[in-house]
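Reading through the structure tokens given below for one structure.
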Amino acid sequence: MSQQKPRLKKPVEKVRAELLADPDTKRIAKSVGMELEAYVELVLDYAQNPDKQPMLQVADDAELRAAGYEPPTPEEVGQFFVAGAKGELGIEGPRFDKSGFDSAPSSAGKPSLQGTEGQKPLASDDPENRQELLNQMRKGGPGRV
């Protein structure tokens, strides 16, 4: 027996208007390289059809090149992840260490939510550390995971 996932609780037109006006929706559409209207229609399609599976296309490097795309090298992928870890991609997750519940700026006697007690800050711009991280990444190629 399969459970049905909940459908939209508001009329589609109202949800569409809310999404079109939402600044986060605009930011996401821009970051994924889609027109706002097309992105909103895609979101609505998945909202109206919750059992629909997202499309994922996997292609060999040769197929990508034949289609006019240049696949990234393992080093470029590594640099992308390093940039993401440094917060340079413009997307950030929730800041659990900045919950807003602490009224006093003083953290005397409180444990750190960052887990960095007694640690010196890492030099994230250090080229040696950066290269070491990139070297630790598994060198992949077609057919390797």
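Here the structure is a predicted model, which means the values were calculated and not measured. These numbers come from the heavy atoms of this one structure, side chains and all, not from hydrogens, waters or symmetry mates.
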Exercise. Using salt bridge (Lys or Arg N to Asp or Glu O under 4.0 Å) as the criterion, list what pairs up with Lys52, not counting sequence neighbours.
Key: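 If we apply the salt bridge (Lys or Arg N to Asp or Glu O under 4.0 Å) test to Lys52, skipping adjacent residues, the hits are Asp45.
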Practice problem: Evaluate whether atom CD of Glu128 has more than 12 neighbouring non-hydrogen atoms of other residues, nucleotides or ligands under 6.0 angstrom away. | Solution: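 No - once you tally the heavy atoms of other residues, nucleotides and ligands closer than 6.0 Å, there are 12 at most.
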Exercise. Verify the neighbour count for atom OH of Tyr69: are there more than 12 heavy atoms of other residues, nucleotides or ligands below 6.0 Å?
Key: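 No, because the 6.0 Å sphere around OH of Tyr69 holds 12 heavy atoms or fewer from other groups.
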Practice problem: Search all heavy atoms of Thr25 against all heavy atoms of Leu19 and return the closest pair with its distance. | Solution: CB-O, 3.2 Å
Quiz item: Which pair of heavy atoms, one from Ala29 and one from Leu36, lies closest together, and at what distance?
Solution: CB-CA, 4.0 Å
Quiz item: Are Tyr46 and Leu20 in one and the same hydrophobic cluster, where Ile, Leu, Val, Met, Phe, Trp and Tyr link if side-chain heavy atoms are under 4.5 Å apart?
Solution: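 Yes, it is one cluster - the side chains of Tyr46 and Leu20 are joined through contacts under 4.5 Å.
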Quiz item: Among the clusters formed by ILVMFWY side chains lying less than 4.5 Å apart, do Val12 and Leu42 turn up in the same one?
Solution: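 Shared cluster, yes.
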Quiz prompt | Counterpart residues, side chain to side chain contact (heavy atoms under 4.5 Å, CB included), relative to Ala21 (two or more places apart) | solution = none
Exercise. Supply the atom-to-atom distance Glu76 CD to Glu70 CD, rounded to the nearest 0.5 angstrom.
Key: 8.0 Å
Quiz item: Between atom CD of Glu13 and atom CG of Leu44, what is the distance when rounded to the nearest 0.5 Å?
Solution: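 Result: 9.5 Å between the selected atoms.
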Exercise. Provide the full list of salt bridge (charged side-chain N to carboxylate O under 4.0 Å, His left out) pairs with a residue in residues 28-44, sequence neighbours left out, each pair given once.
Key: Arg16-Glu41
